[in-house]
Amino acid sequence: MSSRPPSDQRAPAPPPGGAAGPDPVLREMRWWDIAPVLELERALFPEDAWSRGMFWSELAHARGPFATRRYLVAEQDGRLVGYGGLAAVDGTGDIQTIATARDRWGTGLGARLLTELLGAATDFECHEVLLEVRVDNLRAQRLYERFGFEPIGFRRGYYQPGNIDALVMRRTTQTSSEAPSVQGT
């Protein structure tokens, strides 16, 4: 719970790596979010950004009684500052993508998105969740390790055109009491 400081006190400084203001709101990604998601995608992953068609294809499987996807966006002050997606097939979840704007790094937003996606994996009755992460993205690897993901292999040259290897990580089902706290991440 937060409360406003008395008028004679200064407001707290913004968190390291992020802007002041209310926490971003997480909500279901919809088709009208594709354009701003693509802007963020291209800014963060200029060499291997997803295409408009890839996002359309994923969202086509995200609604209705036979949905196998869950995609989220994070909005703050009318700006899209993060997104993530999960695919679920035959009891296995796969984190398809997760990203936050650079000015939101270190604020816990990535952990919030991941928590929501893992909740979706539970809803889909997944017994394990997989993901691929660039071998040179140590910050993301540390986040996944905090959530119980363990390395299980590599995919050589997975990220193209840069020919960057992917570390494959897996997390088996945990009860909510075993899940890490995301407060302060």
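Scope of the values below: all heavy atoms of this structure, side chains included, with no hydrogens, waters or symmetry mates.
- Of the inter-residue distances, the one linking His127 atom NE2 with Arg171 atom CZ reads 13.5 Å to the nearest 0.5 angstrom.
- Partners of Glu28 by salt bridge (charged side-chain N to carboxylate O under 4.0 Å, His left out), not counting sequence neighbours, listed by chain and number: Arg63.
- Taking all atoms of both residues into account, the shortest heavy-atom contact from Gln141 to Val135 is NE2-O, 3.1 Å.
- A 4.5 Å side-chain heavy-atom check between Met29 and Leu72 finds every atom pair outside the cut-off.
- By the side chain to side chain donor-acceptor pair (under 3.5 Å) test, Ser57 is found to be paired with no residue, residues two or more places apart in sequence or in another chain being considered.
- Leu118 CG to Cys126 SG: the interatomic distance, rounded to the nearest 0.5 Å, is 10.0 Å.
- Listed by chain and number, the residues in a side chain to side chain donor-acceptor pair (under 3.5 Å) with Glu75 are Arg27 (sequence neighbours excluded).
- For the pair Tyr159 and Ala166, the tightest heavy-atom approach, listed with the atom from each and the gap, is CE1-CB, 3.5 Å.
- Evaluation of the salt bridge (charged side-chain N to carboxylate O under 4.0 Å, His left out) rule for Asp48 yields Arg134 as partners, not counting sequence neighbours.
- In this structure, Glu47 has no salt bridge (charged side-chain N to carboxylate O under 4.0 Å, His left out) partners at least two apart in sequence or on a different chain.
- Under the 4.5 Å side-chain heavy-atom criterion for Ile, Leu, Val, Met, Phe, Trp and Tyr, Val25 and Leu80 are members of distinct hydrophobic clusters.
- For Gly157 against Asn163, the heavy-atom pair with the smallest separation is CA-OD1, 3.2 Å.
- Among residues two or more places apart in sequence or in another chain, the side chain to side chain donor-acceptor pair (under 3.5 Å) test is passed with Arg156 by Asp165.
- Counting only distance, with no hydrogens or angles, the side chain of Glu125 and the backbone of Thr122 share no donor-acceptor pair below 3.5 Å.
- A distance of 9.0 Å separates CG of Leu26 from CG of Leu117, quoted to the nearest 0.5 Å.
- Between the Arg112 side chain and the Pro24 main chain, a donor and an acceptor come within less than 3.5 Å of each other.
- The 12-atom threshold is not exceeded at CD of Glu150, counting heavy atoms of other residues, nucleotides or ligands nearer than 6.0 Å.
- Here the CD1-CG distance, from Ile152 to Leu167, works out to 9.0 Å after rounding to the nearest 0.5 Å.
- In terms of modelled atom types and a separation under 3.5 Å, the side chain of Thr92 and the main chain of Ala88 share no donor-acceptor contact.
- Here CD1 of Ile34 is found 8.0 Å from CZ of Phe55. Values are rounded to the nearest 0.5 Å.
- No single ILVMFWY cluster, assembled from side-chain heavy atoms under 4.5 Å apart, contains both Leu130 and Leu113.
- Within the structure, the salt bridge (charged side-chain N to carboxylate O under 4.0 Å, His left out) test picks out the following pairs touching residues 51-61 (sequence neighbours left out): Glu58-Arg69.
- Val168 places none of its side-chain heavy atoms less than 4.5 Å from the side chain of Tyr158.
- With sequence neighbours left out, Tyr71 forms a ring-ring contact (aromatic ring centres under 6.0 Å, His included) with no residue at all.
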**Report entry** Criterion side chain to side chain contact (heavy atoms under 4.5 Å, CB included) on Leu143 and Phe149, from CA distance to verdict
**Finding:** CA-CA 9 Å; Leu143 171 66; Phe149 283 87; over 6 Å; no
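- In this structure Arg155 satisfies the salt bridge (charged side-chain N to carboxylate O under 4.0 Å, His left out) test together with Glu132, sequence neighbours excluded.
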Requested in this report: Report the C-alpha distance between Phe147 and Thr115 in whole Å, list the side-chain angles of each, state the deciding distance to 0.1 Å, and finish with yes or no for side chain to side chain contact (heavy atoms under 4.5 Å, CB included).
Outcome: CA-CA 9 Å; Phe147 277 79; Thr115 298; 3.3 Å; yes
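- Scored by the side chain to side chain donor-acceptor pair (under 3.5 Å) test, Asp90 finds no partners at all (sequence neighbours excluded).
- Once rounded to the nearest 0.5 Å, the distance linking CG of Leu114 with OH of Tyr144 reads 6.5 Å.
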Donor-acceptor pairs are to be reported for all side-chain atoms of residues 37-45 against protein atoms at under 3.5 Å, with residues two or more places apart or in another chain.
unit_1: Glu41; atom_1: OE1; unit_2: Tyr83; atom_2: OH; d: 2.2
unit_1: Glu41; atom_1: OE2; unit_2: Trp50; atom_2: N; d: 2.7

Distance-only donor-acceptor pairs under 3.5 Å for side chains of residues 93-100, two or more places apart:
unit_1: Gln96; atom_1: NE2; unit_2: Asp94; atom_2: O; d: 3.4
unit_1: Thr100; atom_1: OG1; unit_2: Trp105; atom_2: NE1; d: 3.4

